[in-house]
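Data block below; observations after.
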Protein chains: 2
Amino acid sequence: MTDPRWLDDEEMRAWQAFVATSALLERRLDQQLREDVGLSHLQYGILARLSLAEGGAMRMTELADSMLNSKSGLTYQVSQLEKAGLVQRAPCTIDVRGVYAALTDEGRQLMQRAAPGHVALVRELLIDALTRDQLTAIADGLGEASRRMLAEQECAQPTTP
Amino acid sequence: MTDPRWLDDEEMRAWQAFVATSALLERRLDQQLREDVGLSHLQYGILARLSLAEGGAMRMTELADSMLNSKSGLTYQVSQLEKAGLVQRAPCTIDVRGVYAALTDEGRQLMQRAAPGHVALVRELLIDALTRDQLTAIADGLGEASRRMLAEQECAQPTTP
DNA sequence: CGAAAGTTGTTCGAATTCGAATCACCTGCT
DNA sequence: AGCAGGTGATTCGAATTCGAACAACTTTCG
């Protein structure tokens, strides 16, 4: 536990830019989605993930894992979305404990209304601020970073003495 | 409001990498700080910001603006930090309404204990996953993006007819 | 001066988050 | 079969978040 390598100027610049962008972007996207279609960014994320899934439905845990969220947080949000008629729960036949969250027609329609504006804002605030080279560097670099974190997460090997 | 330019593969790859990294990193840093020194990432951020300030003190609004946080959120967190003895409020002599949040000795000491581990984790999870070129691209690209968002924010020109 | 308008920080209520505990159920092993 | 341990989803309480409303003060300008 010696003195760790501090961040040099360039590293600090990258780190601060990353944190600032992350915070500002999250706030803006959330705000726009709210006044646009009445969804939080997280709720949009859930619906978006479901849109991509086979049949517009996923098991709760699978959905929770694919999002940032904890399982209890997902239970709450899916309940909210269900109240709003955008998602419907369905029992799982293979495993009685299991629950599917399935996109409703209304949910799909809302996504079609929400997506263009959302994508446009992502483009305006982030993508269009980047050169093509920067875009590639970010895709590669952050892709690698997130892959590492995800891989680490799955190594929960129990050491049973 | 025609069909907006969708994201192409490369853009999508960058966007997803960014979102994933942002979420995973935030979670990990928060978790480590909590078990290391009992601070949330936000609280650490507040103390870090104060450390850099002249005399270890800042006005509440200035502090709130420099962080992501809303003013009410800051009031809450500073109260928490004050309870923990890491920060102390002080009245502002120039403006009676004003309040300074000032780092205490204890707060400064805690930061000295917290910083090395925090920096080490930032390095491990993000910095060390990037090549030097990627680091520079991120610093430049995301720096530009965050600068644009901040600039936009300050243009709240009232249109008084 | 002195009223109108803007700032500053806090308080309030509602919504959201998390982790721990819980209950019901599946799986593997003997 | 039957038990031990693991898994899936929910519920609960505590902590945190936000925006709107507020009170106190400052600034601006006629």
Side-chain angles (χ1 to χ4, degrees), chain A residues 23-24 26-35 38-46 57-84 87-102 154 156-158 160, chain B residues 23-24 26-35 38-46 57-84 87-102 154 156-158 160:
Chain A
L24 289 168
E26 172 63 25
R27 183 173 289 269
R28 290 294 205 82
L29 293 176
D30 197 76
Q31 195 175 331
Q32 194 221 22
L33 282 168
R34 254 177 231 283
E35 55 193 43
L39 292 176
S40 66
H41 190 201
L42 177 56
Q43 291 174 328
Y44 178 89
I46 292 172
M58 285 174 79
R59 291 282 295 271
M60 294 294 282
T61 296
E62 189 189 6
L63 187 51
D65 286 343
S66 77
M67 311 293 300
L68 47 152
N69 220 304
S70 66
K71 275 193 297 190
S72 60
L74 187 71
T75 293
Y76 175 76
Q77 283 298 356
V78 166
S79 298
Q80 295 304 104
L81 292 170
E82 199 171 22
K83 268 186 222 161
V87 153
Q88 190 164 6
R89 273 184 239 245
C92 172
T93 49
I94 337 173
D95 187 336
V96 187
R97 298 167 304 175
V99 172
Y100 279 105
E154 300 179 9
Q157 317 261 24
T160 47
Chain B
L24 290 168
E26 172 64 24
R27 182 175 290 270
R28 292 293 206 82
L29 293 176
D30 197 76
Q31 195 175 331
Q32 195 222 20
L33 283 168
R34 253 177 233 283
E35 55 193 44
L39 292 175
S40 68
H41 191 200
L42 177 57
Q43 290 173 329
Y44 178 90
I46 292 173
M58 284 173 80
R59 291 282 294 271
M60 294 296 281
T61 295
E62 188 189 5
L63 187 50
D65 286 343
S66 77
M67 311 295 299
L68 47 151
N69 221 304
S70 66
K71 274 192 300 190
S72 59
L74 187 71
T75 293
Y76 175 75
Q77 283 299 357
V78 167
S79 299
Q80 295 305 103
L81 291 170
E82 199 170 23
K83 266 187 224 163
V87 152
Q88 189 163 6
R89 274 184 238 244
C92 172
T93 48
I94 337 171
D95 187 337
V96 186
R97 298 166 303 173
V99 172
Y100 279 106
E154 301 180 7
Q157 316 261 23
T160 47

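Chain naming here is simple, since letters A, B, ... match the order of the sequence lines and numbering starts at 1 in each.
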Select from Leu42(A) and Ile94(A) the residue whose nearest nucleotide in DNA chain C is closer to the 5' end of that strand.
Leu42(A)

Whichever of Gln77(A) and Val96(A) has the more 5' nearest nucleotide on DNA chain C, that residue is Gln77(A)

Quick check for you: name the first and last nucleotides of DNA chain D, 5' to 3', having an atom under 4.0 Å from a heavy atom of chain B.
dA15(D) to dT26(D)

Using the side-chain hydrogen bond (donor to acceptor under 3.5 Å, both in side chains) criterion, which residues pair with Glu62(A)? Sequence neighbours excluded.
none

Is the phosphate of dG9(C), meaning OP1 or OP2, less than 4.0 Å from a side-chain N or O of Arg59(B)?
yes

OP1 or OP2 of dT10(C) sitting under 4.0 Å from any side-chain N/O of Arg89(B)?
yes

Interface polar pairs with nucleotides 21-24 of chain C, N/O, under 3.5 angstrom:
none

Have a look at Leu74(A) and say if it touches a base, only the backbone sugar-phosphate, or nothing, with a 4.0 Å heavy-atom cut-off.
nothing

Whole angstrom is fine here: how far is it from CG in Asp65(B) over to C1' in dG9(C)?
13 Å

Distance in angstrom units between Asp95(B) CG and dT7(C) P, rounded:
12 Å

Pick the nucleotide of DNA chain D nearest each of Thr75(A) and Gln43(B); which residue has the one closer to the 5' end?
Thr75(A)

Residue Glu26(A) excluded, over 12 heavy atoms near CD under 6.0 Å:
yes

Which residues pass the ring-ring contact (aromatic ring centres under 6.0 Å, His included) test with Tyr44(B), sequence neighbours left out?
His118(B)

Once side-chain contact (heavy atoms from CB on, under 4.5 Å) is applied, do any residues pair with Gln43(A), and if so which ones, sequence neighbours excluded?
Leu39(A), Ser40(A), Gln77(A), Gln80(A), Leu81(A)

Sorted by chain and number, sequence neighbours left out, side-chain contact (heavy atoms from CB on, under 4.5 Å) with Ser70(A) holds for Ser72(A)

Quick check for you: to the nearest 0.5 Å, what is the distance between [X] atom [atom1] and [Y] atom [atom2]?
| X | Y | atom1 | atom2 | value |
| --- | --- | --- | --- | --- |
| Thr93(A) | Tyr100(A) | OG1 | OH | 6.5 Å |
| Arg89(B) | Glu82(B) | CZ | CD | 5.0 Å |
| Arg59(A) | Arg97(A) | CZ | CZ | 8.0 Å |
| Asp30(A) | Arg34(A) | CG | CZ | 4.0 Å |

